[in-house]
A.B. asks: 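Before I ask anything, let me first share the structure, which is written out below as structure tokens.
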There are 2 protein chains.
Amino acid sequence: MTQMKKGEKTREHILKTTRAILVANGFHNTSISDIIKASGVKKGNLYYHFASKEDIGLEVLEDAKEEFFQFLAQSFQGHSPCAKVVNSCQAIFAEQKKNNFVGGCLFGNAALEMSDLNPRFSEVIHGVFAHWVDEIERHLSMAGEGSLLLGNVSSALMAKTIVATIEGGIMMSRVSKDQADLKECLVVIAAMLGQ
Amino acid sequence: MTQMKKGEKTREHILKTTRAILVANGFHNTSISDIIKASGVKKGNLYYHFASKEDIGLEVLEDAKEEFFQFLAQSFQGHSPCAKVVNSCQAIFAEQKKNNFVGGCLFGNAALEMSDLNPRFSEVIHGVFAHWVDEIERHLSMAGEGSLLLGNVSSALMAKTIVATIEGGIMMSRVSKDQADLKECLVVIAAMLGQ
DNA sequence: CTCGCAAAACTGACCGTTCGGTATAAAAAT
DNA sequence: ATTTTTATACCGAACGGTCAGTTTTGCGAG
């Protein structure tokens with residue numbers, strides 16, 4: 001049971017605890033009882049703060065989305081557009097490493113498990129990927145068409161592929177328990193961008 | 001309730017029906033009751049053929065694995081190693097299209113949802129991805145190091161990245177309900193292979 | 001400062017339902 | 001005669017969720 005920090009609101013504490021469980025175990029494999037045990041918050045109180053299990057899941061996703069967008073915004077650092085994109089990808093790798101590659105990507109997991117349950121879920125998840133792709137594309141387009149290694153591939157196509165590759169790489173890292181899988185994907189992404 | 005074909009063994013009928021449900025809804029979101037309703041097989045009979053829900057899930061995965069390996073083996077067709085790999089990827093796309101992009105990749109879903117449950121699950125899933133990567137690498141290596149567009153990327157790295165990109169592309173197609181997402185990833189893969 | 005009091009926060013027993021799985025006996029099919 | 005299938009009733013545990021009631025908190029009035 002994770003201790004609640006002084007001054008931390010119960011609601012936030014529930015969301016934070018639940019997020020960790022969801023990343024590790026997924027939505028359907030997480031029970032209210034699991035959340036209660038892990039957070040130390042009693043059932044009645046939990047349902048005082050949230051309407052339902054789905055509600056908790058949704059708010060966890062929305063919180064994570066906000067956080068990810070902030071993380072993303074400051075992850076594009078480098079001397080050239082392509083370098084910025086590569087550095088952003090590597091920042092994501094570093095984040096995964098910090099979490100010991102446990103549980104993979106919350107959004108990727110949610111995409112497979114929750115997106116069909118409730119349209120509000122899929123809305124949030126779709127929003128995450130769309131924004132992520134847009135951000136990458138925005139940077140790539142600054143590089144100019146000619147400077148990309150794969151001449152006939154537009155920055156839009158490239159951006160989408162980069163996101164797909166990272167998500168797939170995280171998934172493979174998880175199942176193989178080998179962080180090299182993701183790292184290697186990043187090498188290829190960097191190579192594609194001429195870095 | 002899907003009708004059982006004449007001559008089809010009950011056991012196979014259960015596995016086939018369950019696979020479709022698992023692809024669409026995932027393991028934890030599928031109940032024995034769902035399987036019974038969808039297959040028309042009575043509960044007692046189901047437990048006559050299978051020991052447990054996990055058992056069914058495992059056998060579904062193993063069946064799907066065998067089938068995928070066969071599919072994969074005959075999907076590498078073309079006049080050059082790289083063309084073979086690209087055609088294989090496009091065969092997978094065609095398969096997804098045939099299923100209207102519903103549910104994504106069973107192995108990808110299982111990787112996130114089931115691989116932590118039971119080591120036998122993760123064994124099967126890991127085996128699928130490992131073999132898939134190996135097959136691609138085997139073909140790419142025939143192309144010779146120099147012929148790959150990204151000079152400093154080994155065929156092993158490339159193979160892993162291709163699989164990751166396809167899995168990520170399937171996932172993004174699912175959440176965005178836009179098959180173009182996967183198709184576009186294939187365009188980039190083809191470009192990487194100089195096709 | 002402190003009393004009163006309403007709102008907010010919290011508690012834990014309890015609800016009906018569904019879960020995966022079992023039991024058993026009879027009927028069909030091979 | 002043996003395997004396979006049906007039928008139905010049942011089990012305890014776990015599920016998501018509710019509720020009446022208690023405790024804590026914030027705050028304006030005296």
Side-chain angles (χ1 to χ4, degrees), chain A residues 1-22 24-61 63 109-110 113-114 116-121, chain B residues 1-22 24-61 110 113-114 116-121:
Chain A
M1 162 177 152
T2 46
Q3 201 57 39
M4 208 167 117
K5 286 178 196 160
K6 202 177 154 185
E8 187 183 24
K9 294 278 181 261
T10 298
R11 184 189 171 80
E12 291 157 19
H13 174 67
I14 294 171
L15 288 176
K16 204 188 66 185
T17 311
T18 304
R19 194 203 295 196
I21 305 178
L22 289 189
N25 300 337
F27 184 75
H28 294 298
N29 197 28
T30 299
S31 66
I32 293 292
S33 161
D34 289 337
I35 297 172
I36 287 166
K37 277 182 207 144
S39 66
V41 174
K42 301 305 157 62
K43 198 177 220 183
N45 197 14
L46 182 141
Y47 276 99
Y48 170 77
H49 289 285
F50 299 95
S52 65
K53 188 190 172 191
E54 269 199 16
D55 185 29
I56 299 177
L58 185 65
E59 302 226 25
V60 164
L61 275 186
D63 264 24
N109 301 3
E113 223 193 336
M114 302 155 83
D116 291 334
L117 284 187
N118 184 325
R120 296 198 301 164
F121 281 133
Chain B
M1 162 177 154
T2 46
Q3 202 55 39
M4 208 168 118
K5 286 175 196 160
K6 201 176 155 186
E8 188 183 24
K9 295 274 180 266
T10 298
R11 184 188 169 79
E12 292 157 16
H13 174 68
I14 294 171
L15 289 176
K16 204 188 67 183
T17 311
T18 305
R19 194 202 296 196
I21 306 177
L22 289 189
N25 300 336
F27 185 75
H28 294 299
N29 198 27
T30 298
S31 66
I32 294 292
S33 161
D34 289 336
I35 297 172
I36 287 166
K37 276 181 209 146
S39 66
V41 174
K42 299 304 151 66
K43 200 176 211 182
N45 198 13
L46 184 142
Y47 276 100
Y48 171 78
H49 288 285
F50 298 96
S52 66
K53 188 189 172 190
E54 268 199 17
D55 185 28
I56 299 176
L58 185 64
E59 302 225 26
V60 164
L61 275 187
E113 223 193 336
M114 302 156 82
D116 291 335
L117 285 186
N118 184 325
R120 295 198 302 163
F121 281 133

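Throughout, protein chains are lettered first and strands after them, A, B, ... in sequence-line order, and every chain is numbered starting at 1. From a predicted model like this one, the values you see are computed outputs, not experimental measurements.
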A.B. asks: Can you measure B:Y47 atom OH to D:dT8 atom C1' for me and round it to whole angstrom units?
C.D. replies: 16 Å
A.B. asks: Side-chain contact, heavy-atom cut-off 4.5 Å: A:Y47 with A:I32?
C.D. replies: yes
A.B. asks: Between the axis at one end of the helix from C:dC1-D:dG30 to C:dT30-D:dA1 and the axis at the other (five pairs apiece), what's the angle to 10 degrees?
C.D. replies: 20°
A.B. asks: What is the separation between atom CG on B:N29 and atom C1' on D:dC15, rounded to the nearest whole Å?
C.D. replies: 13 Å
A.B. asks: 5'-most contact on DNA chain D: A:N45 or A:T30, nearest heavy atom basis?
C.D. replies: A:T30
A.B. asks: Hey, which sits more toward the 5' end of DNA chain D by its nearest nucleotide, B:H49 or A:F27?
C.D. replies: B:H49
A.B. asks: With distance as the sole criterion, do the side chain of A:K43 and the base of D:dG16 form a donor-acceptor contact below 3.5 Å?
C.D. replies: yes
A.B. asks: Without decimals, in angstroms, what is the distance between A:K9 NZ and C:dA8 C1'?
C.D. replies: 11 Å
A.B. asks: Is the shortest distance from a Lys or Arg side-chain nitrogen in B:E54 or B:R120 to a carboxylate oxygen in the other one below 4.0 Å?
C.D. replies: no
A.B. asks: If I take atom OG1 from residue A:T17 and atom CD1 from residue A:I56, how far apart are they, to the nearest 0.5 angstrom?
C.D. replies: 10.5 Å
A.B. asks: Return the value, rounded to whole Å, for the distance between atom NZ of A:K42 and atom C1' of D:dA20.
C.D. replies: 18 Å
A.B. asks: Output yes when a side-chain donor or acceptor of B:H49 lies under 3.5 Å from a complementary backbone atom of B:T10, and no otherwise.
C.D. replies: no
A.B. asks: Rounding to an integer number of Å, can you tell me how far B:I32 CD1 sits from C:dT17 C1'?
C.D. replies: 17 Å
A.B. asks: Taking side-chain hydrogen bond (donor to acceptor under 3.5 Å, both in side chains) as the test, write out the residues that go with B:S31, two or more places apart.
C.D. replies: B:D34
A.B. asks: Assess B:K53 against B:F27: is NZ or CZ under 6.0 Å from the centre of the six-membered ring, and within 45 degrees of the ring's axis?
C.D. replies: yes
A.B. asks: How close or far is atom P of D:dT18 from atom CZ of A:F50, stated in whole angstroms?
C.D. replies: 15 Å
A.B. asks: Checking contacts here: which listed nucleotide (D:dC15, D:dT5, D:dG17) is nearest the side-chain heavy atoms of B:T10?
C.D. replies: D:dT5
A.B. asks: Measure from NZ on B:K53 to P on D:dA13 and round the result to the nearest Å.
C.D. replies: 19 Å
A.B. asks: Choosing from C:dA8, C:dT11, D:dT6, which nucleotide comes nearest the side chain of A:Y48?
C.D. replies: C:dA8
A.B. asks: Measure the spacing between CG of A:N29 and CG of B:N29 and express it to the nearest 0.5 Å.
C.D. replies: 11.5 Å
A.B. asks: Find the distance A:I36:CD1 to C:dG12:P and express it as a whole number of Å.
C.D. replies: 11 Å
